[in-house]
Amino acid sequence: MPEYKAPLRDIKFVMNELLNSEQHYASLEGAEDATPDMVDAIIQEGAKFCEQVLSPLNQVGDKEGCTWSEDGVKTPTGFKEAYQQYVEGGWPSMTADPNYGGQGLPHSIGLVISEMVGTANWSWGMYPGLSHGATNTIEAHGTEEQKQTYLTKLISGEWTGTMCLTEPHCGSDLGTLRTKAEPNADGTYSITGTKIFISAGEHDMAENIVHIVLARLPGAPEGTKGISLFIVPKQLPNEDGSAGERNAVSCGSLEHKMGIHGNATCVMNFDGAKGWLIGPENKGLNCMFTFMNTARIGTAIQGLGAAELGFQGSLTYSKDRLAMRSLSGPKNPEGIADPIIVHPDVRRMLLTQKAVAEGARALIYLAGQQVDVVHSGKTEEERKAADGLLGFLTPIAKAFLTEIGYESANLGMQVFGGHGFISEWGMEQNVRDARIGMIYEGTTGIQALDLLGRKVLMTQGESLKGFTKLVHVFCKENADNEQLKEFIEPLAAINKEWGELTTKVGMAAMKNREEVGAASVDYLMYSGYAVFAYLWARMAKVALDKMVEGTTEEMFYNAKIQTARFYFKRMLPRSKAHAETMLAGADTLLDMPEEAFAL
Ligand SMILES: Cc1cc2nc3c(=O)[nH]c(=O)nc-3n(C[C@H](O)[C@H](O)[C@H](O)COP(=O)(O)OP(=O)(O)OC[C@H]3O[C@@H](n4cnc5c(N)ncnc54)[C@H](O)[C@@H]3O)c2cc1C
């Protein structure tokens, strides 16, 4: 496994030079503590923890995996101790509500830490990551008593959390879930059912686990309108707040899976477990939507992490590994052959990974700023605009980044040739670990329906216009900049085409609803390439401006411009294939009768 090195220079580039974080934090309500020095110190400390503690455990987690016994689930060597250090360092409380022990820092800073944690060791990072989901749910919908009992413990990190949605027969379609919640005389509920694939459902890293469970009340309406949300702790809290008697919830077994071996994926049995309702009856799914965007941005980070880790590994390797000579003559005449980094095709793979990792960082941090404004924007108008933009960007970030992040992890393996397929280098682990990103938290197909159906067509294109307007303004402002022309012209063109394609798909969908499903994944991927074009053009502008001003970091800024150029010439053209395919019509998919799919 390549040793993870936190890309601090690029993190600072995106935060400070591209997205102007200082000004952004100053514009938020109650973010006075997020001064540049403070933010810098937090990121430096986080980087140290990720490089020195989490990264060395990544391969250990993969090799050992988790083990189940009647007494519980044991996590891989070192996971528990690393978690203890994480808690002692105050990391779980960083962005949480100060009324319950949190430090109240902006969420976007939390995302930077999540990026470093997730790249260093995704399996480990999922334990605190899932707690974050439970924390957000209780913060948004819990009663004061629930917050005092559970939120404080989740925020301190003493207890961890889970999200229990999926059942054996349903994942994407939660409307059909069967877990039952029957009212008890004391106002609590008896929860009965089986949940599968529950990440961090059982482990030995914390003294208690707080499960957030979706279940149905007796007589609840069918479908998604009859789902309620419950808190079901592994151990029932005592009067003094400590973890007490064992509740009737247990891990029946662990799933054997392709990757993320260090994270326990559990079958959870609820056998009349005691639970408490959160939020209104039958509004469980609506409650979950309130933090879905944050959770999905969290998963998008997996795509960024996979690309970054693949890039770091393959960059070092491509400078060391000698094979054949450069086509234009030896570049390492003293050696028996040239390093493979001289070959154009290896450059293609390295630059793809770099363009994906750095573009993904820009997209995730941009989305992170919208999360900050949604929570702490000073005016209602600002908060509403940020919510709209975040809602639009979320399915793109989640699905596009995990798709191209996986592609990048694969390229990382390819750069290593045969050694990439061998475990000791860690590149095949990166591929295996990255694959789940396209499946959980809503598959690519489901995200694509959300983007095209719910976000774009149901708003008559308003959410798309919110973004294309930003692009339009940027293009207009830079229309006379000769140096930026190579980026601005294709950006303006795709921005225009995006709207036209949306209209065409929308018109087709008015005649036949199937057109939405038929176009959706191509539409989402196209949108991802368009968003990246905007971000890469903006990054190129920052870099070009620095070069004009004069800088001691010429190499860094030059690399940005070169990567932007690579993106525009060699990745953006993929959007053309998606454009053509999204208009190919549903018939090419649906005309074939089901029986004809014969084996
Ligand atoms: C390692 C791992 C960890 C997980 N962690 C958790 C967790 O912590 N908590 C939790 O609750 N769940 C968790 N999950 C479950 C995960 O979220 C689901 O597996 C995922 O949402 C997909 O659901 P499904 O498996 O039921 O697939 P299905 O819903 O059966 O989907 C199968 C295929 O059909 C497609 N499909 C379904 N409906 C449509 C449609 N209308 N249009 C187009 N395509 C469609 C899907 O895109 C997919 O390709 C985890 C899963 C794994 C493997």
Side-chain angles (χ1 to χ4, degrees), residues 61-62 65-66 73 122-134 136-137 160-179 191 193-203 209-215 223-224 227 229-230 232 249 251 253-270 284-285 288 291-292 295-296 298-299 302 395 398-399 402-403 406 432-454 509 513-524 586 589-590:
D62 185 57
C66 296
V73 169
W122 185 261
S123 297
W124 185 93
M126 283 178 73
Y127 293 96
L130 265 296
S131 290
H132 208 69
N136 285 343
T137 315
T160 63
T162 74
M163 302 304 296
C164 297
L165 285 57
T166 306
E167 298 187 2
H169 66 287
C170 73
S172 308
D173 187 6
L174 292 169
T176 63
L177 69 81
R178 294 182 191 138
T179 296
I191 312 291
T194 299
K195 297 284 179 180
I196 64 164
F197 301 161
I198 303 308
S199 301
E202 177 63 35
H203 58 78
I209 303 175
V210 182
H211 302 290
I212 304 293
V213 184
L214 287 182
T224 52
I227 297 173
L229 202 55
F230 298 86
V232 185
V249 48
C251 170
S253 61
L254 290 179
E255 305 289 357
H256 299 278
K257 54 192 194 288
M258 176 177 179
I260 58 165
H261 291 158
N263 194 269
T265 306
C266 304
V267 174
M268 298 302 299
N269 298 320
F270 295 83
L285 271 192
M288 298 211 53
F291 68 85
M292 213 76 120
R296 290 181 167 173
T299 311
Q302 192 169 10
K398 174 11 183 115
T402 53
E403 292 279 343
Y406 179 69
R432 286 186 288 105
D433 286 353
R435 184 62 184 84
I436 184 62
M438 294 129 86
I439 298 173
Y440 55 19
E441 262 317 318
T443 60
T444 298
I446 296 299
Q447 299 296 337
L449 283 180
D450 179 48
L451 175 70
L452 180 57
R454 235 166 63 87
R513 290 298 294 161
E514 297 286 10
E515 294 292 346
V516 178
S520 56
V521 169
D522 284 295
Y523 185 84
L524 182 138
L589 301 171
L590 298 179

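Small disclaimer: the values here were computed from a predicted structure and weren't measured. Every number for a ligand or one of its atoms is a count from 1 in the order of the listing.
- Between G171, C266, G442, it is G171 that holds the heavy atom closest to atom 23 (O) of ligand 1.
- Within a 4.0 Å radius of atom 53 (C) of ligand 1, the protein contributes at least one heavy atom.
- Near S199, meaning under 4.0 Å from one of its heavy atoms, ligand 1 places the atoms 3 (C), 4 (C), 5 (N), 6 (C), 7 (C), 8 (O).
- Under a 4.0 Å criterion applied to the non-hydrogen atoms of I446, ligand 1 contributes the atoms 38 (N), 39 (C).
- The only option from T166, L285, I227, L165 that meets the side-chain contact (heavy atoms from CB on, under 4.5 Å) definition with L177 turns out to be I227.
- Short contacts between ligand 1 and I436, defined as distances under 4.0 Å to a heavy atom of the residue, involve ligand atoms 1 (C), 2 (C), 52 (C), 53 (C).
- Between C66 atom SG and H256 atom NE2 the span is 11.5 Å, to the nearest 0.5 Å.
- Annotation: atom 13 (C) of ligand 1 to nearest protein heavy atom, F197 O, 3.1 Å.
- For atom 20 (C) of ligand 1, the nearest non-hydrogen atom of the protein is I439 O, 3.7 Å.
- T166 OG1, 4.2 Å is the protein heavy atom nearest to atom 18 (C) of ligand 1.
- T443 CG2, 4.5 Å is the protein heavy atom nearest to atom 49 (O) of ligand 1.
- H211 and G201 make their closest contact through CE1-O, 3.2 Å (heavy atoms, listed as atom of the first residue, atom of the second, distance).
- Within the 4.5 Å cutoff, no side-chain heavy atoms of M288 are placed close to those of I212.
- Distance check for atom 4 (C) of ligand 1: a protein heavy atom is found below 4.0 Å.
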Please tabulate, for side-chain N and O atoms in residues 438-445, each donor-acceptor pair with protein atoms closer than 3.5 Å (sequence neighbours left out).
residue: Y440; atom: OH; partner: W122; partner atom: NE1; Å: 2.9
residue: Y440; atom: OH; partner: Q302; partner atom: OE1; Å: 2.7
residue: T443; atom: OG1; partner: I446; partner atom: N; Å: 3.2
residue: T444; atom: OG1; partner: E403; partner atom: OE2; Å: 2.6

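- Residues T162 and I209 form a side-chain contact, since some pair of their non-hydrogen atoms from C-beta on lies under 4.5 Å apart.
- Of the inter-residue distances, the one linking C170 atom SG with I196 atom CD1 reads 8.5 Å to the nearest 0.5 angstrom.
- Within 4.0 Å of atom 32 (C) of ligand 1, not a single protein heavy atom is present.
- Remark: Y127 pairs with H203 by the ring pair (Phe, Tyr, Trp, His ring centres under 6.0 Å) rule, at least two apart or across chains.
- The protein atom (non-hydrogen) at minimum distance from atom 9 (N) of ligand 1 is M163 O, 2.7 Å.
- In this structure, atom 44 (N) of ligand 1 has its sub-4.0 angstrom surroundings free of protein heavy atoms.
- The two atoms that bring C266 and L254 nearest to each other are SG-CD2, 3.7 Å, heavy atoms only.
- Considering only heavy atoms from C-beta on, I191 comes within 4.5 Å of T179 through its side chain.
- Here the heavy atom of the protein found nearest to atom 42 (N) of ligand 1 is L449 CD1, 3.5 Å.
- Considering backbone and side-chain atoms together, I260 places no N or O closer than 3.5 Å to any N or O of ligand 1.
- Of the listed residues (C170, A264, S172), the one carrying the non-hydrogen atom nearest atom 27 (O) of ligand 1 is S172.
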